[in-house]
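What you see is a predicted model, and the numbers here were worked out from it, not measured in a lab.
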Amino acid sequence: MTLEEIHGQQPMPAGNDWMQGAGTALHELLVSAQRRGCLTAGVYESAKLMNVDPDNVAFCLLAADQEDEGDIALQIHFTLIQAFCCENDIDIVRVNDVAKLAAIVGPSEDSGEPRDLHCILITNPNEEGWKDPALEKLNLFCEESRNVNDWVPTITLPE
């Protein structure tokens with residue numbers, strides 16, 4: 001009996017198909033979370049939220065383009081956020097295309113200005129928790145990644 005059979009889930013697709021599925025699930029999750037008002041964008045805003053209410057954080061996304069890789073301050077923030085997420089059992093992934101992320105999330109609703117999308121948190125909208133199928137797929141993806149010692153997997157967003 002496999003883990004999927006025990007939990008009533010489909011077996012994990014192999015290779016690139018599973019990665020594309022994770023990218024699609026992440027896209028769906030971001031759209032759904034933004035619609036529900038459960039999305040916090042920005043390194044500073046995310047750090048404040050994690051400090052105040054870490055139990056309410058359901059998922060974390062770190063995003064950096066090629067030019068961000070040389071930003072030492074941002075990399076230090078990422079290291080601290082990753083450590084916090086691991087300590088508090090928050091699933092976390094990375095995305096290497098901030099432009100695609102900006103196209104999904106869009107500008108700030110308040111000011112219309114571009115947002116800091118280097119860190120995005122998805123929070124639970126209420127006390128009962130959030131039963132979003134995309135979030136469940138991403139949680140399974142993160143669990144499977146940890147099983148092969150990939151603690152912060154990188155996801156490619158769909159075109």
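The minimum heavy-atom distance between Ile104 and His27, with the atom names listed, is CD1-CD2, 3.0 Å.
The CG atom of Asn96 lies 11.0 Å from the CG atom of Leu101; values are rounded to the nearest 0.5 Å. The line from OG1 of Thr123 to CG of Asp55 is 12.5 Å long, rounded to the nearest 0.5 Å. For the atom pair OG1 (Thr154) and CG (Asp97), the distance works out to 12.0 Å, reported to the nearest 0.5 Å.
Two residues are said to be in side-chain contact when any heavy atoms from C-beta on lie closer than 4.5 Å; Ile90 and Leu121 fail this criterion. Counting heavy atoms from C-beta outward, His118 and Asp71 have side chains that stay 4.5 Å or more apart. Annotation: side chain of Ile81 is in contact with side chain of Val43 (closest heavy-atom distance under 4.5 Å). Residues Val57 and Asn88 form no side-chain contact, since every pair of their non-hydrogen atoms from C-beta on lies 4.5 Å or further apart. Proximity of Phe84 to Asn51: side-chain heavy atoms (C-beta onward) are nowhere separated by under 4.5 Å.
In this structure a side-chain-to-backbone donor-acceptor pair under 3.5 Å is present from Gln75 to Asp68.
Atom CD of Gln66 is surrounded by 12 or fewer heavy atoms from other residues, nucleotides or ligands within 6.0 Å. For Glu67, the CD atom is densely surrounded, since the number of other residues' heavy atoms within 6.0 Å is greater than 12.
Residues Leu117 and Met50 are members of separate hydrophobic clusters, defined by side-chain heavy-atom contacts under 4.5 angstrom among Ile, Leu, Val, Met, Phe, Trp and Tyr.
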Inset, instruction - Go through Asp91 and Phe141 one step at a time and tell me if the side-chain contact (heavy atoms from CB on, under 4.5 Å) criterion holds. - result: CA-CA 9 Å; Asp91 286 328; Phe141 174 79; over 6 Å; no
